[in-house]
Participant: 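Can you keep this structure in mind? I'll have questions shortly.
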Amino acid sequence: MNETEIKERVAAFLGEHDPGGDRLEFLRARFDAGLAWVWFPEGLGGLGAPRELQQVVERELADTPQINGGLQGIGLGMAAPTILAFGTEEQKRRFLRPLWTGEEIWCQLFSEPGAGSDLATLATRAVRDGDEWVVDGQKVWTSGAHHARWAILVTRTDPDVPKHRGMTYFVCDMHAPGVEVRPLRQITGEAEFNEVFLTGVRLPDDLRLGAVGDGWRVAQTTLMNERVAIGGAPTRRGGGAMAAVLGAWREQPELRTHDLHQRLLSLWVEAEVTRLSGTRLREQLSAGQPGPEGSGMKLSFARLNQALSGFDVEFRRDLGYDDWAFRRSEDVDFFGRGPGYRYLRAKGNSIEGGTSEILRNIISERVLGLPSEPRVDKDVPWKDLPR
């Protein structure tokens, strides 16, 4: 399939479906037409086409109803590719359509109070009881859990084997009895993150993704896609966080200094290198699955976003943020908010989606081929690890 054929499909679709009508019905029809994510298989929102043709679809449908990338980010960037890779046909058909249309929001139950950077030490237990699993534990830093209908969940199912084994991956019903969501207030005053307590939560075995005990391999697919979703999103030249900085620079020439000008030029170069690296990464994705290179993109994104938001506040000489009231966050919107919000919220970029320190280890070992750090707990049963 080529660009001309994609444009013809989009034109035919628009000839049958009015973008000015019901938003949800339009999005459902777009999914059914294979124009949700064209590289997915037919019948699952795609056409089995090359991934790069998605850009053509987005351009052609730019003025039609759109999905909410902020609210749906975890579902789109993490849950969907994992379900596609490891889900049964029934699971794919049950979950992917409402996930893409936004009818069902997803969150990610991975990190725990004692298992963040070293996720494989997680302690949330899932014990089999007939055709069900009983889950007990605590998760933390769960973005959007207060909106979520479903979650991707990693649990410990066998404590007698080393930590990277004996883990099993589930889809968790966030409305199930025993699921409790509590807000975590951030530096902005908002509660975008949550802690989630799981007490005797019963999940049927048909909500399991992948084989019992193979949860770490399934989770790696999620994590690699997560880093690509955060750091590798398409950005136009001078777009993203750079656009806000350049806007302020043009509008307030009286605040410019030679030193700030030199720093801005350095940031522009770094932003261009990051943008072009993202383009290369997406081209690699067209030929296969995401690999550890996504960790480099996520690391670059975090550094650049923090540097640009800091420059923006310093240049304006005003934090521009005076609403510290506690409130539930409805969405994550870097570019529809002021410079103070961007500066404060960007502090989390080097933690969420994999800390920058851990990403540097991944890059050094799995991309550059440097020797691994000594891991004395590699072959120790999880139950014998000090905690």
Side-chain angles (χ1 to χ4, degrees), residues 1-17 19 24-62 64-69 72-104 106 150 152 169 171 206 209-211 214 217-229 232-234 278-294 297:
M1 183 168 288
N2 56 38
E3 181 172 342
T4 300
E5 291 174 306
I6 287 288
K7 288 182 176 180
E8 290 172 352
R9 279 184 176 263
V10 173
F13 170 74
L14 291 175
E16 298 177 4
H17 302 280
L24 181 56
E25 289 304 317
F26 182 87
L27 291 175
R28 286 172 174 169
R30 177 176 166 181
F31 183 94
D32 293 340
L35 299 173
W37 31 47
V38 298
W39 67 98
F40 273 44
E42 292 189 38
L44 298 176
L47 299 170
R51 190 182 183 118
E52 63 266 21
L53 291 178
Q54 185 67 29
Q55 300 176 43
V56 180
V57 174
E58 300 303 334
R59 286 197 302 268
E60 296 296 307
L61 294 177
T64 67
Q66 301 293 307
I67 56 178
N68 185 330
Q72 296 175 240
I74 291 173
L76 297 168
M78 291 153 240
T82 307
I83 292 169
L84 182 65
F86 291 96
T88 64
E89 288 304 312
E90 182 179 353
Q91 288 171 333
K92 295 172 189 177
R93 296 190 181 280
R94 164 61 186 88
F95 292 121
L96 290 178
R97 188 178 190 246
L99 181 158
W100 189 83
T101 61
E103 294 170 78
E104 294 178 345
W106 288 66
W150 299 100
I152 43 179
Y169 195 117
V171 170
D206 61 14
L209 281 180
D214 200 27
R217 185 167 69 96
V218 183
Q220 287 303 295
T221 296
T222 302
L223 294 171
M224 288 188 291
N225 278 285
E226 176 182 31
R227 287 154 193 170
V228 172
T279 300
R280 182 176 61 184
L281 177 62
R282 290 189 297 276
E283 289 174 350
Q284 291 173 339
L285 286 177
S286 300
Q289 294 297 317
E293 296 83 3
M297 285 304 306

Participant: Using side chain to side chain contact (heavy atoms under 4.5 Å, CB included) as the criterion, point out the one residue from V57, L76, L84 that pairs with W37.
Facilitator: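 That would be L76.
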Participant: Does the distance from a Lys or Arg side-chain N to an Asp or Glu carboxylate O, for R94 and E89, drop under 4.0 Å?
Facilitator: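 Answer for the salt bridge query: no.
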Participant: A79 and W106: which non-hydrogen atoms are nearest, and at how many Å?
Facilitator: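 Minimum heavy-atom contact is CB-CE3, 3.7 Å.
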Participant: Show your reasoning for whether side-chain contact (heavy atoms from CB on, under 4.5 Å) applies to E104 and L99.
Facilitator: CA-CA 5 Å; E104 294 178 345; L99 181 158; 5.8 Å; no
Participant: Looking at every heavy atom in both R30 and L35, which two are closest together, and how far apart are they?
Facilitator: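 In terms of heavy atoms, the two residues are closest at NE-O, 2.7 Å.
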Participant: Would a distance-only check, ignoring hydrogens and angles, find a side-chain to backbone donor-acceptor pair under 3.5 Å from Q54 to V38?
Facilitator: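 Yes, because the side chain of Q54 sits within donor-acceptor range (under 3.5 Å) of the backbone of V38.
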Participant: Would you say the side-chain atoms of E8 pair up with the backbone N or O of E5, donor to acceptor, closer than 3.5 Å?
Facilitator: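 Such a contact is absent between E8 side chain and E5 backbone.
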Participant: Identify whether the distance between the nearest side-chain nitrogen and carboxylate oxygen of E16 and R9 falls below 4.0 Å.
Facilitator: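 Not counted as a salt bridge, because no side-chain N and carboxylate O are separated by less than 4.0 Å.
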Participant: Ignoring hydrogens and angles, tell me if any N or O in the side chain of Q72 forms a donor-acceptor pair with the backbone of N68 under 3.5 Å.
Facilitator: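 It does hold such a pair.
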Participant: Considering non-hydrogen atoms only, spot the tightest contact between P19 and L14 and give its length.
Facilitator: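 Closest heavy-atom pair between P19 and L14: CG-CD2, 3.9 Å.
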Participant: Measure the acute angle between the ring planes of W100 and F31, then classify it against the limits of 30° and 60° as parallel, tilted or perpendicular.
Facilitator: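 Ring orientation of W100 relative to F31: tilted.
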Participant: At what distance, to the nearest 0.5 angstrom, does CZ of F95 lie from CH2 of W150?
Facilitator: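 So the CZ of F95 and the CH2 of W150 are separated by 4.5 Å.
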Participant: Examine distances only and state if a side-chain atom of E58 and a backbone atom of Q55 form a donor-acceptor pair shorter than 3.5 Å.
Facilitator: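 Checking the backbone N and O of Q55 against the side chain of E58, no donor-acceptor pair under 3.5 Å is found.
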Participant: Could you pull out the closest heavy-atom pair between A49 and M1, with the gap in Å?
Facilitator: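 So the two residues come closest at CB-SD, 4.1 Å.
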Participant: Are E103 and R97 within salt-bridge range, i.e. N to O under 4.0 Å?
Facilitator: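 R97 and E103: not salt-bridged.
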Participant: Counting C-beta onward and ignoring hydrogens, is there a side-chain heavy-atom pair between L47 and W39 closer than 4.5 Å?
Facilitator: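 The answer is no, as the side chains (C-beta and beyond) never meet within the 4.5 Å cut-off.
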Participant: Do T221 and T82 have a side chain donor and acceptor closer than 3.5 Å?
Facilitator: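 T82 and T221 do not have a side-chain donor-acceptor pair below 3.5 Å.
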Participant: Verify the ring-centre separation between F26 and F13: is it less than 6.0 angstrom?
Facilitator: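 Distance test on ring centres: under 6.0 Å, yes.
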Participant: Might you point out which heavy atoms bring G87 and L209 nearest each other, and give the distance in Å?
Facilitator: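 For G87 versus L209, the nearest heavy atoms are CA-CD2, 3.6 Å.
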